[in-house]
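Step one of this worksheet: look at the structure below.
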Amino acid sequence: MRRNEQKYLTRLMWLTMLFGPFIWSIFALIEHFFDFSFVFQYPRTLTTIIAGFSFTMLGFLAAIATYFFSLQKYRFFKRWVSDGNSKVFFSLFYIAITCLFMTFLFCLLVFSKAAMWISFKLMLISVLNNVFQLFLISMLIVNMVGHSNREGDNQSED
């Protein structure tokens, strides 16, 4: 991967933070034009669930980081790192960790009286970002597991 492609893809990873506001805008348009409301009866209960999700996904990302250490012996992984793909991936990884912490902070703010509703909306937007980012990371990891299995099978045949 060329350096300018790497910079472009890294910048593209930052756009994953716009997924939540985009989906929220669609929900707002549905509420406005179709007289349909997304009202949550127990926002604090949902907040507790989302806070648990945030910390669980942080653990998932930590497990992925340790998985990368086990891939260092494979040729495809060394090629992946030398091509610059790892820099793009780890920029998404960093963004996902940052967004998960932001989601957790919004969860904490929901329990304050002053900023409950705006924090609740920001938390929902942020969790949409988290789901999208974790989906991208998971798909990349599934792809890498497939590569390691194929390369491991090829090495065992030799």
Interatomic distance, M123 atom CE to L128 atom CG [nearest 0.5 angstrom]: 10.0 Å

Can you see which heavy atom on F77 is nearest to which on M144, and at what distance? CD1-CE, 3.8 Å

Residues M116 and S112: closest non-hydrogen pair is CB-O, 3.5 Å

Let me see the working for Y67 and V145 under side-chain contact (heavy atoms from CB on, under 4.5 Å), right down to the final yes or no. CA-CA 10 Å; Y67 175 69; V145 168; 3.2 Å; yes

Can you tell me how far the CZ atom of F90 sits from the CD1 atom of I95, to the nearest 0.5 Å? 13.0 Å

L61 side chain reached by L134 side chain, heavy atoms, under 4.5 Å: yes

So, do F135 and F132 have ring centers that fall under 6.0 Å from each other? no

Y94 and W14 aromatic ring geometry - parallel, tilted or perpendicular at 30°/60° bounds: perpendicular

For a side chain to side chain contact (heavy atoms under 4.5 Å, CB included) with T16, tell me which candidate from I137, N130, N129, L136 qualifies. L136

Going by heavy atoms in the side chains, are Y42 and T47 under 4.5 Å from each other? no

So for atom CZ, which belongs to R11, do other residues, nucleotides or ligands contribute more than 12 heavy atoms lying within a distance under 6.0 Å? no

From K7 atom NZ to K87 atom NZ, the distance as rounded to the nearest 0.5 Å: 10.5 Å

On a heavy-atom basis, the closest approach of Q133 and L92 is CG-CD1, 4.2 Å

Test item: T48 and F111 side chains (from C-beta on) under 4.5 Å apart, heavy atoms: yes

Atom pair CG (D83) and CZ (F76), whose distance is rounded to the nearest 0.5 Å: 12.5 Å

Separation between CD1 (I125) and CE (M102), nearest 0.5 Å, reads 10.0 Å

State yes or no: do F60 and I49 share one hydrophobic cluster built from I, L, V, M, F, W and Y residues joined by side-chain heavy-atom distances below 4.5 Å, directly or via other members? no

What is the minimum heavy-atom distance between S126 and C99, and which atoms define it? OG-O, 3.5 Å

Just wondering, do N143 and M139 contact through their side chains at under 4.5 Å, heavy atoms? no

Does I23 share a hydrophobic cluster with F34, counting links as ILVMFWY side-chain heavy atoms below 4.5 Å and allowing steps through other members? yes

Can you find a heavy atom in the side chain of L124 that is under 4.5 Å from one in the side chain of I50? yes

Any heavy-atom pair between the side chains of I30 and I26 that's under 4.5 Å? yes

Minimum heavy-atom separation for C107 and A51, please, with both atom names. SG-N, 3.6 Å

How long is the straight-line distance from CG of L140 back to CD1 of I64, given to the nearest 0.5 Å? 9.5 Å

If two hydrophobic side chains count as joined below 4.5 Å and joins carry through other members, does W117 share a cluster with L105? yes

Could you tell me if the side chain of L46 sits less than 4.5 Å from the side chain of F120, heavy atoms only? yes

Minimal heavy-atom distance between V127 and T103, with the atoms involved, is N-OG1, 4.0 Å

Path from L100 to L15 over hydrophobic side-chain contacts below 4.5 Å: yes

Students often mix this up, so state it plainly: with edges at 30° and 60°, are the rings of W24 and F27 parallel, tilted or perpendicular? perpendicular

Taking the six-membered ring for Trp and the single ring otherwise, decide whether the centroids of W80 and F68 are under 6.0 Å apart. yes

Using a 4.5 Å cut-off on heavy atoms from C-beta on, say whether the side chain of F19 contacts that of V131. no

Is it the case that one hydrophobic cluster holds both F33 and F22, taking links as side-chain heavy atoms less than 4.5 Å apart, direct or via other members? yes

